[in-house]
J.: 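Have a look at the structure that comes next, please.
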Amino acid sequence: MKFIYSCICKIYCLFSTYIEDIFLKKFKVDNDLKKNGYFVIRNELNYILDIYKSKKIEINKYLKKLIFSKEEINKLLLNIFVENNLKDKITELTGFNYSVDFFTAYETISIPIEEKELSWYANQPHRDKPYSKNTLKLIIPLQRIEEQNGPMEILNIESTKYFQKNKKNINFFKFIGNPNDIFIFKPNLCLHKAGIPEKNKNRIQMMLQLNPAKKWCFNEEIYNFQKIREPKFTSVRYLFNNKLNFFKS
């Protein structure tokens, strides 16, 4: 069963990537994001999201989701992508326009040594296989993230291939940053994992999933998606969702 699922993921990835490259790519790029699979934009984001107004849902004893209202999320998306001009910067980096399909904000806390081998919040190295190679994820801190907060860890594309072939430890890049920093990466191409905070420490951040589209838009169901697991096979999963084109492009 695992082998069959792996084959389905691979076929979906290759097919969706091919279709996007043919019909949705606006121009070719050659930059660090394409080469490494991740990119950091520092000190360019200015947004307001009051985490103390959120409703917290306990997913497990080490992970809590922060749930925001529809109005807050709509305002946040306009703020980040339009007022901060992030949509144009991402298009310049990738050659694509995108649909912002998924948003989640969450808090992770320390995991005891005896339970660290279990996957409580994607804390084991993995790639997001049932996605296109062009899918992006954006990580934005909601509070300052230091080494002790368990920052996200990632390998570039070449190191990911080496790691999977040789199964040897490689030093992961750790995303340490402020709320005005943005970490952009390709989850299908780069091995990544959630870092584990030190004892009595936590990490609070948001994640946005972006998929290639004809125009910049966002998924009308993005508010409701806060309460579910991140959708896979996105071209199929979001096929009948209404997309709101308030991003002028």
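Remember, predicted model here, so these are calculated numbers, not experimental data.
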J.: What's the separation between atom CD1 in Ile139 and atom CE in Met152, rounded to the nearest 0.5 Å?
T.: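 Here the rounded value is 5.5 Å.
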
J.: Testing the basics here: between Lys129 and Cys13, what is the closest heavy-atom pair and its distance to 0.1 Å?
T.: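 Minimum heavy-atom separation between Lys129 and Cys13: O-CB, 4.1 Å.
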
J.: Answer yes or no: is there an ion pair linking Lys133 with Glu20, defined by an N-O contact shorter than 4.0 Å?
T.: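 No.
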
J.: Do Asn149 and Glu146 have side-chain atoms, one donor and one acceptor, less than 3.5 Å apart?
T.: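 Glu146 and Asn149 do not have a side-chain donor-acceptor pair below 3.5 Å.
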
J.: Between Tyr106 and Tyr121, is the ring-ring contact (aromatic ring centres under 6.0 Å, His included) condition met? List the steps.
T.: CA-CA 10 Å; Tyr106 52 92; Tyr121 43 72; 8.2 Å; no

J.: Would you say Phe15 has more than 12 foreign heavy atoms packed within less than 6.0 Å of its CZ?
T.: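 Open: at most 12 neighbouring heavy atoms sit under 6.0 Å from CZ of Phe15.
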
J.: Which heavy atom of Asn180 sits nearest to which heavy atom of Leu45, and what is that distance?
T.: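 Closest approach of Asn180 to Leu45, heavy atoms only: CB-O, 2.9 Å.
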
J.: For Asp30, I'd like to know if atom CG has over 12 heavy atoms of other residues, nucleotides or ligands within 6.0 Å.
T.: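 Result for CG/Asp30: open.
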
J.: Ring centroid separation for Phe183 and Phe175, is it under 6.0 angstrom?
T.: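 Judged by ring-centre distance (under 6.0 Å), Phe183 and Phe175 do meet the cut-off.
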
J.: Once you round to the nearest 0.5 Å, how far does CD1 of Ile154 lie from SG of Cys190?
T.: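 Output value for this atom pair is 4.5 Å.
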
J.: Do Asn134 and Asp21 have a side chain donor and acceptor closer than 3.5 Å?
T.: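 Present: a donor and an acceptor within the cut-off.
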
J.: Is there side-chain contact between Phe39 and Phe185, with at least one heavy-atom pair below 4.5 Å?
T.: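 They are not in contact (no side-chain heavy atoms under 4.5 Å apart), so the answer is no.
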
J.: For residues Ser110 and Lys199, is any side-chain donor paired with an opposing acceptor at under 3.5 Å?
T.: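 On atom types as modelled, these side chains do not qualify, holding no pair under 3.5 Å.
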
J.: Checking side-chain polar atoms at under 3.5 Å, does Asn97 have a donor or acceptor matched by the opposite partner on Trp216?
T.: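 A pair is found: one side chain offers a donor N or O, the other an acceptor, under 3.5 Å apart.
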
J.: Do any side-chain atoms of residues 232-239 form donor-acceptor pairs under 3.5 angstrom with protein atoms, and if so which ones, sequence neighbours left out?
T.:
| residue | atom | partner | partner atom | Å |
| --- | --- | --- | --- | --- |
| Thr234 | OG1 | Asn211 | OD1 | 3.2 |
| Ser235 | OG | Tyr12 | OH | 3.2 |
| Tyr238 | OH | Gln209 | OE1 | 3.0 |

J.: Quick one: do Ile182 and Val40 satisfy side chain to side chain contact (heavy atoms under 4.5 Å, CB included)? Show the steps, please.
T.: CA-CA 6 Å; Ile182 311 155; Val40 182; over 6 Å; no

J.: Hey, what do you get for CD (Gln143) to CD1 (Ile204), rounding to the nearest 0.5 Å?
T.: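 Going from the CD atom of Gln143 to the CD1 atom of Ile204 covers 4.0 Å.
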
J.: Inspect the surroundings of NZ in Lys116 and state if more than 12 heavy atoms from other residues, nucleotides or ligands are less than 6.0 Å away.
T.: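 More than 12 heavy atoms, drawn from other residues, nucleotides or ligands, come within 6.0 Å of this atom.
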
J.: Indicate the atoms forming the closest heavy-atom contact of Pro187 with Thr135, along with that distance.
T.: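 Distance-wise, the nearest heavy atoms are CD-O, 3.3 Å.
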
J.: With no hydrogens and no angle check, do the side chains of Asn202 and Glu107 hold a donor and an acceptor under 3.5 Å apart?
T.: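 Side chains of Asn202 and Glu107: pair found under 3.5 Å.
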
J.: More than 12 non-hydrogen atoms from neighbouring residues, nucleotides or ligands closer than 6.0 Å to NZ on Lys65, yes or no?
T.: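 More than 12 heavy atoms, drawn from other residues, nucleotides or ligands, come within 6.0 Å of this atom.
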
J.: Step by step, work out the side chain to side chain contact (heavy atoms under 4.5 Å, CB included) result for Lys243 and Asn219.
T.: CA-CA 5 Å; Lys243 301 298 181 74; Asn219 196 314; 3.7 Å; yes

J.: Of Ile109, Ile145, Thr108, which is the lone residue that meets side chain to side chain contact (heavy atoms under 4.5 Å, CB included) with Pro197?
T.: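 The single option meeting the side chain to side chain contact (heavy atoms under 4.5 Å, CB included) with Pro197 is Thr108.
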
J.: Can you tell me if Glu72 and Ser69 form a side-chain donor-acceptor pair at under 3.5 Å?
T.: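 Present: a donor and an acceptor within the cut-off.
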
J.: So is Lys137 actually on top of Tyr131's ring, under 6.0 Å and inside 45° of the axis?
T.: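 So Lys137 does make the cation-pi contact.
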
J.: If you compare all heavy atoms of Arg203 against all heavy atoms of Ala194, which two are closest, and at what distance to 0.1 Å?
T.: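 Closest heavy-atom pair between Arg203 and Ala194: NH2-CB, 3.3 Å.
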
J.: Are a donor atom and an acceptor atom from the side chains of Asp88 and Thr91 found within less than 3.5 Å of each other?
T.: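 Absent: no donor and acceptor within the cut-off.
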
J.: In terms of hydrophobic clustering (I, L, V, M, F, W, Y; side-chain heavy atoms under 4.5 Å; direct or indirect links), are Leu142 and Phe102 co-clustered?
T.: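 No, separate clusters.
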
J.: Quick check: closest heavy atoms across Lys227 and Tyr223, and the distance to 0.1 Å?
T.: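 Between these two residues, the closest heavy atoms are NZ-OH, 4.4 Å.
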
J.: Are there more than 12 heavy atoms of other residues, nucleotides or ligands under 6.0 Å from atom CD1 of Ile228?
T.: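 It does: Ile228 CD1 has more than 12 such atoms within range.
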
J.: Is a side-chain donor or acceptor of Asn31 paired with a backbone partner of Leu33 at a separation under 3.5 angstrom?
T.: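 Side chain of Asn31 to backbone of Leu33, a donor-acceptor pair under 3.5 Å: yes, one is there.
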
J.: Hey, what do you get for OG1 (Thr160) to CG (Leu191), rounding to the nearest 0.5 Å?
T.: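 With rounding to 0.5 Å, OG1 (Thr160) is 5.0 Å from CG (Leu191).
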
J.: Might you confirm whether atom NZ of Lys201 has over 12 heavy atoms from other residues, nucleotides or ligands at distances under 6.0 Å?
T.: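 No - once you tally the heavy atoms of other residues, nucleotides and ligands closer than 6.0 Å, there are 12 at most.
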
J.: Just to verify, what does Glu147 make a salt bridge (Lys or Arg N to Asp or Glu O under 4.0 Å) with, not counting sequence neighbours?
T.: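 Testing Glu147 for salt bridge (Lys or Arg N to Asp or Glu O under 4.0 Å), a comparison that skips the adjacent residues, returns Lys174.
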
J.: Please walk me through it: do Ile111 and Asn123 pass side chain to side chain contact (heavy atoms under 4.5 Å, CB included)?
T.: CA-CA 10 Å; Ile111 301 173; Asn123 49 287; 4.1 Å; yes

J.: Tell me yes or no: between the side chains of Tyr62 and Glu115, is some donor less than 3.5 Å from an acceptor?
T.: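 Checked: Tyr62/Glu115 side chains pair up, N/O donor to acceptor below 3.5 Å.
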
J.: Less than 4.5 Å apart, side chain to side chain, heavy atoms only: is that true for Met207 and Glu230?
T.: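 Yes; the side chains approach each other to less than 4.5 Å.
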
J.: Are more than 12 heavy atoms, taken from residues, nucleotides or ligands other than Phe27, located less than 6.0 Å from that residue's CZ atom?
T.: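 Yes, enclosed.
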
J.: If I take atom NZ from residue Lys161 and atom CG from residue Leu189, how far apart are they, to the nearest 0.5 angstrom?
T.: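 If I round to the nearest 0.5 Å, the distance is 8.0 Å.
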
J.: Starting from Phe81, can I reach Ile41 by hopping between I/L/V/M/F/W/Y residues whose side chains sit under 4.5 Å apart?
T.: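 Looking at the clustering, Phe81 is in the same group as Ile41.
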
J.: Which atoms form the tightest heavy-atom contact between Ala213 and Ser99, and what is the distance?
T.: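 Answer, listing the atom of Ala213 first, then Ser99: CB-N, 3.7 Å.
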
J.: Under 3.5 Å, is there a donor-acceptor pair linking the side chains of Gln124 and Ser119?
T.: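 There is no such pair (donor and acceptor under 3.5 Å, judged by atom type) between the side chains of Gln124 and Ser119.
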
J.: Tell me, with the steps shown, if Asp181 and Ile140 meet side chain to side chain contact (heavy atoms under 4.5 Å, CB included).
T.: CA-CA 6 Å; Asp181 297 329; Ile140 301 173; over 6 Å; no

